[in-house]
Amino acid sequence: MRQTGFFTSLPLAAMLFGYLLGFLIVPRLITQERFPELPCICGVILTLMAFLTTGYVSIRCIALLDAANAMNTNALSYCGAAPWTPMTSALIVMAYSGGSIMPKLYVALKSLVGFQTSFALLVIPSYLAVFFYARHYGRTGLLPLDQIQ
């Protein structure tokens with residue numbers, strides 16, 4: 001039991017680190033438009049590391065995903081949504097939480113391909129979807145289609 005005591009404290013510390021990192025590097029080191037891509041890249045790398053390792057290393061990688069999620073929470077508000085911010089925020093929350101779909105998919109996949117593979121198959125596409133959203137709308141904003149260059 002003593003060894004597993006960090007399972008709740010490490011994700012919390014990672015979230016605080018993610019929030020602070022976002023405050024410290026935007027806009028000093030990276031622009032607000034490009035920053036949302038960074039947590040997605042970190043999330044994909046950490047997910048791959050969790051997939052390719054075992055034991056406590058894998059668990060730590062999953063716990064560190066909270067840092068990427070915390071950075072994304074703040075960063076995606078800068079993605080040019082303007083008047084559509086409430087709708088896009090709801091979309092992003094649903095993309096991360098997956099509502100009741102992701103857990104059911106996870107259970108179905110777990111019996112077919114195993115724990116780590118099913119986790120990677122669900123998490124990596126989610127981070128990539130947010131990455132491409134940030135890449136596109138961080139540059140253009142949510143303009144009408146005839147105004148996008």
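These numbers come from the heavy atoms of this one structure, side chains and all, not from hydrogens, waters or symmetry mates.
- Scanning both residues, Thr47 and Ala120, for their nearest heavy atoms gives CG2-CA, 3.9 Å.
- At a threshold of 4.5 Å between non-hydrogen side-chain atoms, the residues Ile62 and Phe119 count as touching.
- Taking both residues in full, the closest heavy atoms of Pro39 and Pro36 are given as CD-O, 3.4 Å, listed atom of the first, atom of the second, then distance.
- With hydrogens and angles ignored, the 3.5 Å screen pairs a side-chain donor or acceptor of Arg28 with a backbone N or O of Phe23.
- The line from OG of Ser111 to OH of Tyr106 is 10.5 Å long, rounded to the nearest 0.5 Å.
- Closest approach of Ala68 to Tyr127, counting heavy atoms only: CB-OH, 4.2 Å.
- To the nearest 0.5 Å, the span separating OG1 on Thr54 from CD1 on Ile59 amounts to 9.5 Å.
- Here the SG-CD1 distance, from Cys40 to Ile45, works out to 11.5 Å after rounding to the nearest 0.5 Å.
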| task | Kindly determine whether Phe51 and Ile124 satisfy side-chain contact (heavy atoms from CB on, under 4.5 Å), including the steps that lead there. | result | CA-CA 11 Å; Phe51 174 69; Ile124 290 174; over 6 Å; no

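- Residues Leu20 and Leu46 do not share a hydrophobic cluster, clusters being chains of Ile/Leu/Val/Met/Phe/Trp/Tyr side chains in contact below 4.5 Å.
- Across every non-hydrogen atom of Met71 and Gly18, the tightest pair is CG-O, 3.2 Å.
- Ile41 and Val123 fall within a single hydrophobic cluster, where Ile, Leu, Val, Met, Phe, Trp and Tyr are joined by side-chain heavy atoms under 4.5 Å apart, directly or via other members.
- Of the inter-residue distances, the one linking Arg34 atom CZ with Leu29 atom CG reads 16.0 Å to the nearest 0.5 angstrom.
- With rounding to the nearest 0.5 angstrom, the CZ atom of Phe115 is 6.5 Å from the OG atom of Ser58.
- We find the CG-CG distance between Leu21 and Leu16 to be 12.5 Å, quoted to the nearest 0.5 Å.
- The two residues Pro11 and Asp66 have their closest heavy-atom pair at CB-OD2, 2.8 Å.
- The shortest side-chain heavy-atom distance between Thr117 and Leu109 does not fall under the 4.5 Å cut-off.
- By the criterion of side-chain heavy atoms lying less than 4.5 angstrom apart, applied directly or through intervening Ile, Leu, Val, Met, Phe, Trp or Tyr residues, Leu105 is grouped together with Leu121 in one hydrophobic cluster.
- The local environment of CZ in Phe17 is sparse, with at most 12 non-hydrogen atoms from other residues, nucleotides or ligands closer than 6.0 Å.
- Looking at every heavy atom in both residues, Ile25 comes nearest to Phe35 through CD1-CE1, 3.5 Å.
- Phe132 is connected to Val44 through a chain of hydrophobic side-chain contacts under 4.5 Å among Ile, Leu, Val, Met, Phe, Trp and Tyr, so both are in one cluster.
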